[in-house]
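Atoms within each ligand, like the ligands themselves, are counted from 1 in listed order. On a predicted model such as this, the values are computed, not experimentally measured, just so you know.
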Amino acid sequence: MRQSFLFTKTRKEAPKDEVAQNAKLLIRAGFIHKEMAGVYSYLPLGLRVMEKIVGVIREEMNAIGGQEVTLTALQDKKVWETSGRWDDSVLDVWFKTKLKNDTELGLGTTHEEQLTALMKDYIASYRDLPRYVYQFQTKFRNETRAKSGIMRGREFMMKDLYSFSADQESHDVFYEKTKQAYSRVFARLGLGDRTYVTFASGGSFSKYSHEFQTVTDAGEDSIFIDEKKKIAVNKEVLNDEVLKDLSIKRIDLVEKKAVEVGNIFSLGIRFSDAFELNFVASDGSKKPVIMGSYGIGPGRLMGTIAEVLSDANGLVWPEVVAPFRLHLIALFDKEGKVKTYTDELYQELTEQGVEVLYDDRDQRAGEKFADADLIGIPYRAIVSDKTLAERVVEFKDRKTGDVTKISETELQKILAKKAN
Ligand code: ATP
Ligand code: MG
């Protein structure tokens with residue numbers, strides 16, 4: 001994409017009411033636009049990052065047998081009455097609305113109810129199990145605190161997967177598989193070394209649920225980490241019993257602030273019981289389906305990456321989710337030689353399938369560099385009359401700051417390597 005064509009511009013200042021570092025950076029760099037507290041629009045650069053995060057998660061969910069759907073945000077009050085969660089005193093984050101005839105509707109905060117009701121149409125026998133259904137869908141939650149930028153939105157994207165199994169054993173096997181898949185997602189997104197499988201409260205059907213907590217001071221949770229075992233315990237459930245269950249000692253644990261980027265939960269028959277989602281087993285008996293739910297917040301992940309991988313000059317995207325792979329910067333000369341050369345290089349790279357943001361704007365070098373630092377594309381190639389004379393391009397790694405002079409052929413070689 002030509003930067004002269006991109007409608008967004010970088011800004012020196014974030015909105016005055018924005019307190020979160022992730023949102024400040026993403027707004028200044030033109031990735032998102034703040035509509036109101038906890039409500040953000042995704043602009044071209046931000047949408048590209050979001051789609052790449054979604055792409056990584058989708059690959060991992062498909063690999064464990066997930067089938068993708070899109071359920072609706074408008075939800076029937078009846079399904080929520082069935083589970084007993086319609087009342088505001090039970091679920092305090094509701095956004096509700098009404099039809100013209102006064103029929104009440106809910107804006108989906110989550111989709112256990114709706115999907116369980118839906119699966120009743122498709123699950124009848126043991127032959128219909130197991131089933132793993134997931135979606136990327138907008139959730140609405142009237143969060144009381146919305147001070148963490150896109151890490152806590154009132155309208156936000158969630159990947160939610162739901163498992164439907166015939167018995168506890170097969171549920172447990174899939175639950176473990178999902179845990180592994182989640183670890184792969186966070187590793188691929190560059191957060192592996194600071195993301196911990198964290199024991200959290202489990203509800204009535206299992207002792208614990210598992211959160212995936214990424215260490216950052218911007219997080220709202222406190223976790224206690226056992227660095228050797230690479231596991232953690234959420235402060236909310238830390239007690240002697242948990243320590244014993246996990247064979248860990250209080251003295252080995254370090255308390256850190258963290259953000260919950262994912263969450264997996266055994267639901268048992270909580271919903272299949274309420275909705276009478278049963279199946280006929282191979283011996284002819286009727287049994288309730290065992291369920292699980294598995295969430296990841298792609299927007300929260302984008303915010304987390306912006307928090308933990310940025311530096312004083314701006315964003316630093318890992319290759320897999322960067323909006324573009326190369327930031328090609330032309331420092332124009334009077335004769336137009338640089339323009340001719342860089343236009344052609346841009347054309348060639350684009351044809352080779354390299355995602356290039358081409359800074360073809362008429363601006364001073366200093367401004368172009370500052371913008372490039374803020375936007376945070378992993379690789380930068382600078383073309384000037386000097387580099388042309390030397391038959392090289394100046395190549396800069398955003399993360400390390402290393403600058404080298406390389407030939408066009410070398411540049412193409414580096415860019416041909418795929419991100420993970
Ligand atoms: P939290 O404890 O942070 O409020 P939660 O436990 O309510 O989150 P879940 O309902 O399990 O979250 O949602 C699954 C995932 O969706 C979370 O792990 C998180 O990544 C993401 N998520 C939850 N709430 C938000 C939000 N308000 N904004 C952005 N992402 C969110
Ligand atoms: Mg939680």
Contacting atoms of ligand 1, where contact means under 4.0 angstrom from a heavy atom of Arg141:
5 (P), 7 (O), 9 (P), 10 (O), 12 (O), 23 (C), 24 (N)
Would you call Arg2 and Asp360 a salt bridge, using N to O less than 4.0 angstrom?
yes
Nitrogen or oxygen of Gly297 less than 3.5 angstrom from that of ligand 1:
yes
Between Arg300, Arg145, Glu155, flag the one that comes closest to atom 23 (C) of ligand 1 by a heavy atom.
Arg300
Contact with ligand 1 for Gly153, non-hydrogen, under 4.0 angstrom:
yes
Less than 4.0 Å is my threshold; does some heavy atom of Met151 fall inside it relative to ligand 1?
yes
Does ligand 1 come near enough to Met157 that some N or O of the ligand is less than 3.5 Å from an N or O of the residue?
no
Exam field: side chain Arg300 to backbone Ile150, donor-acceptor pair closer than 3.5 Å:
no
What are the atoms of ligand 1, with element, lying closer than 4.0 Å to any heavy atom of Glu260?
2 (O), 5 (P), 6 (O), 8 (O), 11 (O), 12 (O), 17 (C), 18 (O), 19 (C), 20 (O)
Glu143 neighbourhood, listing ligand 1 atoms whose heavy-atom distance to it stays under 4.0 Å:
24 (N), 26 (C), 27 (N)
How does Lys139 reach ligand 1, if at all, at less than 4.0 Å between non-hydrogen atoms: by side chain, backbone, both, or neither?
neither
Heavy atom of Val261 under 4.0 Å from ligand 1?
yes
Ion pair check, Arg188 and Glu319, cut-off under 4.0 Å:
no
Heavy-atom closest pair (Gln135 atom, Val69 atom, distance to 0.1 Å) is CB-O, 3.0 Å
Do Asp17 and Lys34 meet the salt-bridge criterion of a basic N to acidic O distance under 4.0 Å?
yes
Does this structure show an ion pair linking Glu255 with Lys235, if we count only N-O contacts that are shorter than 4.0 Å?
yes
With Tyr196, which of Lys256, Gln213, Glu227 fulfils side chain to side chain donor-acceptor pair (under 3.5 Å)?
Glu227
Are Asp160 and Lys139 within salt-bridge range, i.e. N to O under 4.0 Å?
yes
Quick look: Met158 vs ligand 1, heavy-atom contacts under 4.0 Å, and the answer is side chain
